[in-house]
Visitor: 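Below is the structure I would like to discuss, written out as structure tokens.
Remember, predicted model here, so these are calculated numbers, not experimental data. Reminder, nothing fancy here: chain letters follow the sequence lines and each chain counts from 1.
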Protein chains: 2
Amino acid sequence: MLSTACKDAIRAMIYIAKNNKDDFISISEIAKELNLSFYFLSKILQKLVKGELLKSYRGPNGGVKLAKSAEDIRLIDIIEITDGTKFFSECILGLEKCSDNNPCPIHYMWADKRGEIQKMFESTTLKDIVEDINKLQCIKL
Amino acid sequence: MLSTACKDAIRAMIYIAKNNKDDFISISEIAKELNLSFYFLSKILQKLVKGELLKSYRGPNGGVKLAKSAEDIRLIDIIEITDGTKFFSECILGLEKCSDNNPCPIHYMWADKRGEIQKMFESTTLKDIVEDINKLQCIKL
DNA sequence: AATTAAAATGCTTTCCACAGCCTGTAAAGA
DNA sequence: TCTTTACAGGCTGTGGAAAGCATTTTAATT
């Protein structure tokens, strides 16, 4: 459902939010901690920088950090930048002409579930997740 | 979410169920009607034959037809054969160690939605869909 | 028996997400 | 100013899904 790039992006953003301070976190540190390819992660995070969820800084002690408060970054924002929003509008059977006015046989029941998933991603912020991590016992990202 | 092969399989199965009679429907007819590659569709339907959702017959007037009543074929059956069931058990962030006892930060909210989708596919049969098509105005598959 | 229709199957090709590597560029520190 | 650090971004390789092609097998019809 989510691309590998998107999953990695979410994991990285959670890691960054959890360790959010004034200084920058290096991409190589994140890649090591999350067991990801440095090169692949670099490109994903570049997208998030362009999407204004992250700020980056080059040179020694450089890295990335959140561009805004963790409570202002929703999961859907990360998904939109990495995967786009096709998933939340496309027909589950891949029919281009399918829409509310012109439904495929399973359009309505899918539109319902799809909408709930979208709401879930819209209503969850990085702050929520970090708080949950501190409350619950969660596995290492 | 669903692979192209799975989407095609569902569309084909709906078409077959809608036109279900005693005689066999040729794969080339289905491919033409649904605007699919004959070769690709052949391979998908072969899987469904092996999975015992379809019966096939070679030679003149051959083709495929449902192996059982339309009310005994659920969408989840088609999905299991073409894509497997990984989707309904895997962590949305791709973490192997994630489980109910050992959750990732968004495990529970995802497990909830995922379960609803699974129920949707489990509770929808080809008969339900064909009835809906006859009742509602649906687009061409 | 020969011909023809249609599924079964193996082989090849195409395409894209994923991943890795290398160079360019910005910034800090000596 | 030179060296080092670290993000930016281009280029290339790889695996699996999707798609196309060709041959084989089965069965009906003439």
Visitor: Is there a side-chain polar atom (N or O) of B:Ser26 under 4.0 Å from OP1 or OP2 of C:dA6?
Guide: no
Visitor: Which heavy atom of B:Met120 sits nearest a heavy atom of A:Lys113, and at what distance?
Guide: SD-CG, 3.6 Å
Visitor: Give the intermediate values and the outcome of side chain to side chain donor-acceptor pair (under 3.5 Å) for residues A:Ser99 and A:Asn102.
Guide: CA-CA 5 Å; A:Ser99 69; A:Asn102 207 26; 5.2 Å; no
Visitor: Distance check needed: D:dG9 P versus A:Leu45 CG, whole Å only.
Guide: 13 Å
Visitor: Is B:Ser37 close enough to D:dG20 that one of its side-chain N or O atoms is under 4.0 Å from OP1 or OP2 there?
Guide: yes
Visitor: Using a cut-off of less than 4.0 Å, is there contact between a side-chain N or O of A:Tyr39 and OP1 or OP2 of D:dG9?
Guide: no
Visitor: Between A:Gly59 and A:Gln46, which is nearer to the 5' end of DNA chain D once each is assigned its nearest nucleotide?
Guide: A:Gly59
Visitor: Looking at every strand, decide which applies to A:Lys50 at a 4.0 Å heavy-atom threshold: base, sugar-phosphate, or nothing.
Guide: sugar-phosphate
Visitor: Please check the phosphate of D:dA8 (OP1 and OP2 only) for any side-chain N or O of A:Ser56 closer than 4.0 Å.
Guide: yes
Visitor: Atom CZ of B:Phe38 and atom P of C:dA5: how far apart are they, to the nearest Å?
Guide: 13 Å
Visitor: Name the closest nucleotide to the B:Ala5 side chain, picking from D:dG20, D:dA18, C:dA28.
Guide: D:dA18
Visitor: Between A:Thr82 and A:Ala9, which heavy-atom pair has the shortest distance, and what is it?
Guide: CG2-CB, 3.8 Å
Visitor: Does the side chain of A:Arg74 come within less than 4.5 Å of A:Phe121's, by heavy atoms?
Guide: no
Visitor: Grab the NZ-C1' distance between B:Lys47 and C:dA8 for me, whole Å please.
Guide: 15 Å
Visitor: Among D:dT29, D:dA27, C:dA8, which nucleotide sits nearest the side chain of B:Asn61?
Guide: D:dT29
Visitor: Which one, C:dA28, C:dA19, C:dT4, comes nearest to the side chain of A:Pro60?
Guide: C:dA28
Visitor: I need the CG-P distance between B:Asp8 and D:dA17, as an integer number of Å.
Guide: 15 Å
Visitor: Quick check for you: among D:dG9, C:dT25, C:dC18, whose closest atom lies nearest to any side-chain atom of A:Arg58?
Guide: C:dT25
Visitor: I want to check one thing: is the phosphate of C:dA6, taken as OP1 and OP2, less than 4.0 Å away from some side-chain N or O of B:Ser28?
Guide: no
Visitor: When all nucleic acid strands are considered with a 4.0 Å heavy-atom cut-off, which category describes A:Ser42: base, sugar-phosphate, or nothing?
Guide: nothing
Visitor: Nearest-Å distance, CD (B:Glu29) to P (C:dA7)?
Guide: 10 Å
Visitor: Side chain of A:Tyr57 only, heavy atoms from C-beta on: which candidate in D:dA19, C:dA27, C:dA19 is closest?
Guide: C:dA27
Visitor: Base, sugar-phosphate, or nothing: which does B:Phe24 touch, judged by heavy atoms less than 4.0 Å apart?
Guide: nothing
Visitor: Given the rule in the side-chain contact (heavy atoms from CB on, under 4.5 Å) test, do A:Ile117 and A:Phe88 qualify, once you have shown the distances and angles that lead to the verdict?
Guide: CA-CA 8 Å; A:Ile117 296 172; A:Phe88 301 106; 4.1 Å; yes
Visitor: Rounded to whole angstroms, how far apart are CG on B:Asp83 and P on D:dA17?
Guide: 10 Å
Visitor: How many whole angstroms separate atom CD1 of B:Ile25 from atom C1' of C:dA5?
Guide: 17 Å
